[in-house]
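Contents: one structure, followed by commentary.
Order of the sequence lines fixes the chain letters, A, B, ..., with proteins taken first and strands second; residue numbering starts at 1 for each chain. Just so we're clear, the structure is a prediction, and the values are computed from it rather than from any experiment.
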There are 2 protein chains.
Amino acid sequence: MKKPNAKERILETAAGLFFQRGYSGVGINEIIEKAGTAKASFYQHYPSKESLCEAWLKSVHEKSEAFAETLLGGPGSASEKAAAYFEHLERLLVESGYRGCPYSNTGALSVEKSPGICRQIRLHKESTRRRFRQIAALAIADPAEAELVGDTLFVLQSGAMGEAQNLRETWPVEVARRAAVALLER
Amino acid sequence: MKKPNAKERILETAAGLFFQRGYSGVGINEIIEKAGTAKASFYQHYPSKESLCEAWLKSVHEKSEAFAETLLGGPGSASEKAAAYFEHLERLLVESGYRGCPYSNTGALSVEKSPGICRQIRLHKESTRRRFRQIAALAIADPAEAELVGDTLFVLQSGAMGEAQNLRETWPVEVARRAAVALLER
DNA sequence: GACTTTACAGACAAGTCTGTCTGTTTATGT
DNA sequence: ACATAAACAGACAGACTTGTCTGTAAAGTC
């Protein structure tokens, strides 16, 4: 703790603010003020606000990947892994005040986002899709069928996060979890 | 055509711009310029930008309800209705350049949206959820099971729209449609 | 013809935003 | 002790934002 350097402090502060209020809802001035740095220091480390957004999405992705790897590497059947994943999401959702998926929230802005931000979103989403396909492959022998089920889990998860955010309720996640388990145990 | 009054012209112009670039991505100045009205005329009809957003969401909801009613009232089995719904969504998605769901996109902004906007989002989402439960009830006798399947269709649909938008591809909608049909024909 | 409503044009206020700049202070390594 | 690098404070530019205001012009109505 104590005092990480300015760059890390900026990233951590921005991560909290971007997540809670969205990329377009937070300004540079607030970020540097809460991070306790000067504006000049900010622009020494990040050429623009967009580049900070990219760095934020990248750091979220790394944490997400770490969780997915421990989950996939651990014990349990495919449906148990999927259920654990959805329960994890539900926990995050409630803890964060129903803030949903950072990537989807960022992607919902204008079309004219920077190519770098769009790329981070695609990378994360494709990676998540791959994870679900891996889980599905554990339970389903036919490769084509496993891919379809994996993609379905991916869509279910995304819809669950989005609608839980819109309605500020957890039932979409529970519904998605039950559907996922049913698909994997069939 | 020709010349509707200023209020309608503003609403139609704002509808196009809000849908395409998001609520926060469009300013009053651009709306009135493209609508060909004066700023004073705008504030004579709408007390604020937020109230215009509410009016927009309300008008989208009305069109959506009209489509859902003709679909539900028409012929065809539950799974046929659901498939038609997803095909309709896919068409809209491609036509609009993958702009996803206006409600989810608006809801993805900050937490501190106006209560009126939040209310419109909730109203529409709950209404959509009810439609899917109605469709499910056509195919499934047990009421509790029909409600669960209806909610699952709702979540699938939302995830499909969101991820198709993020990835700019249509496969999430197709995956969701196939999953929906499978759920209803089981 | 006078009156009222509606819409026009556009300046203006007051605030936001990102990004640049100048100059000072602090810390570190040699 | 001294040089170099990093972070500091904060003014500033320029472009946006929403919303208010003054005043004018064109309609329809009594």
What verdict does the salt bridge (Lys or Arg N to Asp or Glu O under 4.0 Å) test give for A:E126 and A:R129, after you've listed the backbone C-alpha separation in whole Å, the side-chain angles of each residue and the deciding distance to 0.1 Å? CA-CA 5 Å; A:E126 287 292 358; A:R129 180 193 190 190; 3.5 Å; yes
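Note: CG (A:L52) to C1' (C:dC17) measures 15 Å, nearest angstrom. With rounding to whole Å, A:E50 atom CD is found 14 Å from C:dC17 atom C1'. Look at CZ on A:F42: it is 8 Å from P on C:dT18, rounded to the nearest Å. When the C1' atom of D:dA11 is taken as reference, atom CD of A:E33 falls 16 Å away, rounded to whole Å. In this structure, A:I32 places its CD1 atom 11 Å from P of C:dC17, rounding to the nearest Å. C:dG19 atom P lies 4 Å from atom OH of A:Y43, rounded to whole Å. Rounded to whole Å, the distance from NZ on B:K7 to C1' on C:dC8 is 18 Å. Protein atom CG of B:N29 is 14 Å distant from nucleotide atom C1' of C:dG15, rounded to whole Å.
Side-chain N or O atoms of A:S158 include none that pairs as donor or acceptor with a backbone N or O of A:V155 at under 3.5 Å. Panel note: side chain B:K125, backbone B:Y103; no donor-acceptor pair is recorded below 3.5 Å.
Considering only side-chain atoms of B:N5, the nucleotide from D:dT18, C:dA7, D:dG19 that sits closest is C:dA7. Between D:dC8, C:dT18, D:dC21, one nucleotide has an atom nearer to the side chain of A:I28 than all others, and that is C:dT18. Of the candidate nucleotides D:dT22, C:dA7, C:dT22, D:dT22 has the atom nearest to the side chain of B:A40.
Minimum interatomic distance between A:R9 and A:G36 (heavy atoms only, all atoms of both residues): NH2-O, 3.1 Å.
Applying the 4.0 Å criterion to OP1 and OP2 of C:dA7, one finds that B:T37 has every side-chain N and O outside that range. In this model, the phosphate group of D:dA7 is approached by a side-chain N or O of A:H45 to a distance below 4.0 Å at OP1 or OP2. Applying the 4.0 Å criterion to OP1 and OP2 of D:dA6, one finds that A:R9 has every side-chain N and O outside that range.
A 6.0 Å sphere centred on CD of A:E33 holds no more than 12 heavy atoms belonging to other residues, nucleotides or ligands.
Heavy-atom distances to DNA chain D give each of A:K39 and A:Q44 a nearest nucleotide, and the one nearer the 5′ end belongs to A:Q44.
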